[in-house]
Amino acid sequence: MGIAAFSSDGGLEARPLTPVVGAEIVGVDLGAVSEDQFAFIRDAFDRYAGLLFRGQDLTPERLVAFSRRFGDLDHAPVMENGRTAVPGLPEVYLVSNIKDTDGKEIGSLGAGEAVWHTDMSYLAAPPDISMLHAIEVPPAGGDTWLCGMNAAYNALPPELKRRVEGLRIKHDGTYNSGGYVRQGVTPTDDPRKSPGTYHPVVIAHPNTGQPLLYLGRRRMAHIEGLDLADSEALLDELWAYATREENAYRHSWRVGDVLMWDNRATMHRRDPFDAASRRLMRRTQVKGATQPKAYAG
Ligand code: SIN
């Protein structure tokens, strides 16, 4: 079932980007959002799970102020360069391949592919929302994809829905989506022994009640109670539904774009790009207000 466009009296409009996930919001300056406009954006966010705002000229402080309207923000995690975020703005994280004058990357994730994942779901209460603001973009590549996890759940055959009822998946905390080992973690080959958290395979969205397939990331995942071979086979089956192209929005970046997504209702990935070109995104994350809860049907 498709999702329709809707408009507010204040001139904002939500234009769906695909039939199942994402909408572009037009008519708003994120540096000066009124209460009415924010109510429209909040509602659109629950409806579409991913929102795009083009042409936003925002200081990092204004990005933080807009993000904070959705809830408390996370302190940015330690990046691969060992530094914590932007001096003076602990909520801002840099996703970038750019190097400083000492030859050190100023941000995270380099120029390679970032595989499908939801952010930091190895935690008990992962961030609810992630937001990227494009400051520099490469001439080609580096597109970000979102897939809709309600549509993914709806696509499962009834027999598979029944099979995963009550099951939980271990969301691994060893690797980030760029394949880098997280600070302080010693990798193991056995997903049952790696650090992480078990979450229900199907969760209910806390605001809409919709069922969502909640997969986290494929690498080092494990389905509780199954031996490794059975767990791998079931995970492969589930993943095949989640990341189908008809279930995804592909975003080609322009400077000034803000793309935000709901980490419960979407997964995302990023295409690689030429390491010789520059890409810089400022990122904020809204803290997880609650732990992901199982969908009760
Ligand atoms: C991420 O995977 O969180 C970053 C996505 C991107 O760089 O577009």
Side-chain angles (χ1 to χ4, degrees), residues 17 21-22 24 49-54 56 60 63 67 73-81 85-86 91-99 105-123 126-149 171-183 214-220 239 242-243 248-275 277-288:
L17 294 163
V21 67
E24 179 179 352
L51 296 180
L52 167 66
F53 307 85
R54 296 269 192 197
Q56 300 296 323
L63 176 70
S67 308
L73 301 187
D74 271 329
H75 193 293
V78 175
M79 298 183 286
E80 285 121 32
N81 61 17
V86 181
E91 303 90 349
V92 178
Y93 184 69
L94 299 183
V95 177
S96 185
N97 66 320
I98 297 171
K99 296 197 167 90
E105 287 190 348
I106 61 168
S108 254
L109 286 183
E113 178 185 359
V115 297
W116 282 112
H117 65 286
T118 189
D119 283 331
M120 295 162 69
S121 58
Y122 59 91
L123 300 174
D128 288 344
I129 300 170
S130 299
M131 201 178 296
L132 289 183
H133 183 212
I135 309 303
E136 292 188 60
V137 301
D143 290 356
T144 302
W145 298 64
L146 301 181
C147 67
M149 301 312 280
H171 292 231
D172 173 65
T174 310
Y175 299 97
N176 72 14
S177 52
Y180 299 90
V181 175
R182 293 183 197 280
Q183 298 268 323
Y214 192 58
L215 299 181
R217 61 194 70 212
R218 179 66 186 85
R219 188 174 187 180
M220 297 289 283
W239 273 85
T243 56
Y249 165 64
R250 176 184 193 163
H251 183 60
S252 298
W253 290 93
R254 295 183 209 151
V255 169
D257 287 351
V258 170
L259 183 68
M260 62 184 292
W261 59 81
D262 185 323
N263 278 306
R264 299 145 304 185
T266 63
M267 291 195 299
H268 58 282
R269 67 171 286 278
R270 182 191 75 193
D271 288 334
F273 57 99
D274 179 1
S277 50
R278 292 165 63 98
R279 187 177 188 272
L280 174 60
M281 304 278 156
R282 295 192 184 119
R283 187 186 81 180
T284 54
Q285 284 182 318
V286 178
K287 274 187 202 296

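All figures in this text were calculated on a predicted structure; none of them were measured in a lab. All ligand and atom numbering here is 1-based and tracks the order in the structure. In what follows, every heavy atom counts, from backbone to side chain, and hydrogens, waters and symmetry copies are set aside.
A distance of 9.5 Å separates CH2 in W116 from NE2 in H268, rounded to the nearest 0.5 Å. Atom CG in L73 sits 8.0 Å away from atom CE in M131 (nearest 0.5 Å).
Each of the following atoms of ligand 1 lies closer than 4.0 Å to a heavy atom of T144: 6 (C), 8 (O). Under a 4.0 Å criterion applied to the non-hydrogen atoms of L109, ligand 1 contributes the atoms 1 (C), 2 (O), 4 (C). Near D119, meaning under 4.0 Å from any of its heavy atoms, are these atoms of ligand 1: 3 (O). Taking every heavy atom of V95 and a limit of under 4.0 angstrom, the matching atoms of ligand 1 come to 7 (O).
With a 4.0 Å cut-off on non-hydrogen atoms, H268 touches ligand 1 through its side chain and not its backbone. Contacts between H117 and ligand 1 below 4.0 angstrom, taking non-hydrogen atoms only, involve the side chain exclusively.
Nearest protein neighbour of atom 5 (C) of ligand 1, counting heavy atoms only, is L132 CD1, 3.9 Å. Nearest non-hydrogen protein atom to atom 7 (O) of ligand 1 is R279 NH1, 2.8 Å.
Defined by atom type and a distance below 3.5 Å, a donor-acceptor pair is present between the side-chain atoms of N263 and S130.
Closest approach of R279 to F273, counting heavy atoms only: CD-CE2, 3.4 Å. Contact record, W253 with L259: CH2-CB, 3.5 Å, taken as the closest heavy-atom pair. What you find for L17 and L52 is that their closest heavy atoms are CD1-CB, 4.1 Å.
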